[in-house]
Amino acid sequence: NLPVGAFFWLWALKNMTLGGIPFDLGIVSFAVATLGAGAGLVSVMQPEARVWRTVHYFVYVGGCGFVSANYVLGLVMVHKLGFQVYCALAALYWLASAGYGHQK
């Protein structure tokens, strides 16, 4: 999820700088999930450093849950069917990612 999180973090940044949105919660939630995924990458590259595995576990699982909750918030707040379908699918994707990260 490192590239996915980074892409959507950049999208949130674009929304705030060029899109006229004063604050996009994705700027925080995708940052946390992306940092957690990055910690996972480091933990694979340095398996002897268990601290990275612990950081990956908590930050990644928490970050994915945060992103999923962010999408649920969008699902509830915006009443456009196409956007609601997108939010529902994205929430399920990030929730599944959190579950997958929890198993690691």
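Everything quoted here is computed from the prediction, not taken from an experiment.
Scanning all heavy atoms of the two residues, the minimum distance from V32 to V59 falls at O-CG1, 3.4 Å. Across every non-hydrogen atom of C64 and A33, the tightest pair is N-CB, 4.1 Å. Across all non-hydrogen atoms, the minimal contact from G65 to A98 is N-CB, 4.2 Å.
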message: Quick one, F23 with L25, criterion side chain to side chain contact (heavy atoms under 4.5 Å, CB included). Give me CA distance, side-chain angles, the key distance, then yes/no.
response: CA-CA 6 Å; F23 182 72; L25 189 56; 3.9 Å; yes
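Transitive grouping of hydrophobic side chains (ILVMFWY, heavy atoms separated by less than 4.5 Å) brings I27 and V4 into a common cluster. When the side chains of ILVMFWY residues are joined at heavy-atom separations under 4.5 Å, either directly or via intervening members, F7 and F30 end up in a single hydrophobic cluster. Transitive grouping of hydrophobic side chains (ILVMFWY, heavy atoms separated by less than 4.5 Å) brings L13 and W11 into a common cluster. The hydrophobic clustering, which links ILVMFWY residues whose side-chain heavy atoms are closer than 4.5 Å, places M77 and M16 together.
Annotation: side chain of V28 is in contact with side chain of F66 (closest heavy-atom distance under 4.5 Å).
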Anything under 3.5 Å between a donor and an acceptor, one on a side chain of residues 83-96, the other on a protein residue two or more places apart or in another chain? List them.
{"from": "Q84", "atom 1": "NE2", "to": "L75", "atom 2": "O", "distance (Å)": "3.3"}
{"from": "Q84", "atom 1": "NE2", "to": "V78", "atom 2": "O", "distance (Å)": "3.3"}
{"from": "Y86", "atom 1": "OH", "to": "Y71", "atom 2": "OH", "distance (Å)": "2.9"}
{"from": "Y93", "atom 1": "OH", "to": "N1", "atom 2": "OD1", "distance (Å)": "2.3"}

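The line from CG of L41 to CG of L2 is 6.5 Å long, rounded to the nearest 0.5 Å. Taking CG of L10 as the reference point, atom OG1 of T17 lies at 10.0 Å (rounded to 0.5 Å).
With sequence neighbours left out, A31 forms a side-chain contact (heavy atoms from CB on, under 4.5 Å) with W9.
Each side-chain hydrogen bond (donor to acceptor under 3.5 Å, both in side chains) pair with one or both residues in residues 24-47, not counting sequence neighbours, appears once here: N15-D24, S29-N70.
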